[in-house]
Asker: 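I'd like to ask you about the structure that follows.
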Amino acid sequence: MTKLDRYGSIFRAGLFDGQAGIVTGGGSGLGRCAAHELAALGAKVALIGRRADRLERVREEIARAGGEARAYACDIREEDAVRDTVSAVLRGLGRIDFLLNNAGGQFAAPLESISAKGWETVVRTNLTGGFLMARECYTQCMQAQGGAMVNIIADMWNGMPTMGHSGAARAGMLNFTETAAFEWAPVRVNAVAPGWIASSGLDQYPAEMREHIRGLHRLVPAGRLGTESEVAAAIVFLLSPAAGFISGSCLRVDGAVPNAKAGRALAHRGRTAAFDGFHLAAPPKVLED
């Protein structure tokens, strides 16, 4: 197959041959991209999310590219559903070698306007659901056979204004990552913290944020937004044998935004070169000229 037919990964072909794993939030955005790369490298991928139609679309995409995936509709916030879904994945794929805890979501709002229901919904999605998925993968499979997990968090360093509920949940997931890396060793548990990534997720924010989103690149030392493929590459590395001595760590993929200092203007000397190996990548509508 040509690059137009399947994912153009920088990793060697067959890297995940004989392995199987779970990608939550696999129906769109970063989860979809990472699922494609893992399948292109030989893994059997279980796609998990709430919307069966989106999961089925991605499953079909992966099949057309020569990979293997299965779709499992599940609300990761529901304990019984998570337990049953992980059991179904084990029956269907025979093993779980990796977990990509990618599912998440939030909405923009100042702290004083967030209701208890809104707060709890975001925390359950971005923290509790990830914990439940990780616990079930560990107790049902990885405790006996080993494996690797990657938890997707966010650029929440120094606070997350207008998304305090998400920032609190993501910070909790980082602490969970560090604890699980100790308690569940030799299972490896790491996190990836994406910054501003040009993915379909940017189209989920309200229209009044459009101009802010379109100007984000001016705040990035790297001079641009990241690509889905750059996040997927970090994920694949942490799941691969090359990261065999890495656990309890967080890999930032953010163009050095947290390193910008108040009172120091960005030099804007140019942009770093972007990597985009995802053959089905499309820019979010909000960034289209």
Side-chain angles (χ1 to χ4, degrees), residues 9 11-26 31 34-49 55 58-59 62 67-74 76 78-103 127-153 173-192 232-251:
S9 177
F11 297 96
R12 68 170 173 81
L15 180 62
F16 289 90
D17 280 355
Q19 294 193 37
I22 289 173
V23 175
T24 69
H36 267 276
E37 182 163 20
L38 289 162
L41 294 171
K44 297 178 181 179
V45 180
L47 303 165
I48 290 179
L55 299 175
V58 177
R59 187 201 66 77
I62 289 173
E68 182 174 347
R70 300 188 183 191
Y72 300 83
C74 172
I76 64 168
E78 301 298 330
E79 186 171 25
D80 290 343
V82 170
R83 183 180 295 113
D84 293 346
T85 299
V86 172
S87 295
V89 172
L90 270 172
R91 290 194 301 271
L93 300 183
R95 58 190 297 130
I96 298 174
D97 297 287
F98 62 82
L99 166 66
L100 171 55
N101 248 332
N102 167 76
L127 178 58
T128 305
F131 160 69
L132 293 173
M133 286 297 310
R135 187 195 67 192
E136 289 305 311
C137 286
Y138 178 73
T139 58
Q140 293 193 39
C141 185
M142 292 186 185
Q143 185 175 21
Q145 73 164 43
M149 302 181 186
V150 169
N151 299 317
I152 300 299
I153 55 171
M173 183 55 81
L174 177 59
N175 194 271
F176 163 72
T177 297
E178 294 169 338
T179 301
F182 174 78
E183 290 194 10
W184 293 351
V187 173
R188 296 187 300 104
V189 188
N190 291 293
V192 168
I235 293 165
V236 171
F237 165 68
L238 289 174
L239 292 177
S240 78
F245 201 55
I246 301 175
S247 193
S249 295
C250 177
L251 179 53

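Computed from a predicted model, the values in this text were never measured in an experiment.
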Asker: Is any side-chain heavy atom of Trp184 closer than 4.5 Å to one of Thr179?
Answerer: no
Asker: Between the main-chain N or O of Ile96 and the side-chain N or O of Gln145, is there a donor-acceptor pair closer than 3.5 Å?
Answerer: yes
Asker: Within the structure provided, determine whether Val82 and Cys74 are in side-chain contact (heavy-atom separation under 4.5 Å).
Answerer: yes
Asker: Are Leu100 and Thr24 close enough that some pair of their side-chain heavy atoms sits under 4.5 Å apart?
Answerer: no
Asker: For a quick test of reading the model, state the closest non-hydrogen atom pair linking Asp17 to Gly42 and the distance between them.
Answerer: OD1-CA, 3.3 Å
Asker: Hey, is the main chain of Met149 close enough, under 3.5 Å, to the side chain of Arg188 for a donor-acceptor pair?
Answerer: no
Asker: Would a distance-only check, ignoring hydrogens and angles, find a side-chain to backbone donor-acceptor pair under 3.5 Å from Gln140 to Arg83?
Answerer: yes
Asker: Is there a side-chain contact between Cys137 and Val187 (heavy atoms, below 4.5 Å)?
Answerer: no
Asker: Can you name the closest pair of heavy atoms from Ile48 and Met133 and give their distance?
Answerer: CD1-CE, 3.9 Å
Asker: Where do Gly49 and Leu55 come nearest, in terms of heavy atoms and distance?
Answerer: N-CD1, 3.5 Å
Asker: Can you name the closest pair of heavy atoms from Ala191 and Leu238 and give their distance?
Answerer: O-CD1, 3.9 Å
Asker: Would you find a donor on one side and an acceptor on the other, under 3.5 Å apart, between the side chain of Asp97 and the backbone of Ala20?
Answerer: yes
Asker: With a 4.5 Å limit on heavy-atom distance, are the side chains of Gln19 and Phe98 in contact?
Answerer: yes
Asker: Please give me the minimum heavy-atom distance between Leu93 and Val45, naming the atom from each residue.
Answerer: CD1-C, 4.4 Å
Asker: Looking at every heavy atom in both Phe11 and Ala233, which two are closest together, and how far apart are they?
Answerer: CZ-O, 3.5 Å
Asker: Measuring only between side-chain heavy atoms, which start at C-beta, is Asn190 closer than 4.5 Å to Cys250?
Answerer: no
Asker: Please check if any side-chain donor atom of Asn151 sits under 3.5 Å from a side-chain acceptor atom of Thr177, or the reverse.
Answerer: yes
Asker: For Tyr72 and Val89: C-alpha separation, side-chain torsions, deciding distance, then whether side-chain contact (heavy atoms from CB on, under 4.5 Å) applies.
Answerer: CA-CA 8 Å; Tyr72 300 83; Val89 172; 3.8 Å; yes
Asker: Output, in order, the C-alpha distance, side-chain angles, deciding distance and verdict of side-chain contact (heavy atoms from CB on, under 4.5 Å) for Ile76 and Thr85.
Answerer: CA-CA 9 Å; Ile76 64 168; Thr85 299; over 6 Å; no
Asker: Could you tell me whether a side-chain N or O of Asn102 sits under 3.5 Å from a main-chain N or O of Gly25, the two making a donor and an acceptor?
Answerer: yes
Asker: Could you tell me whether Glu79 and Arg135 have a side-chain N and a carboxylate O separated by less than 4.0 Å?
Answerer: yes
Asker: Quick one: are Leu38 and Val236 in side-chain contact, heavy atoms under 4.5 Å?
Answerer: yes
Asker: Quick one: does Ile62's side chain get under 4.5 Å of Glu68's, heavy atoms only?
Answerer: no
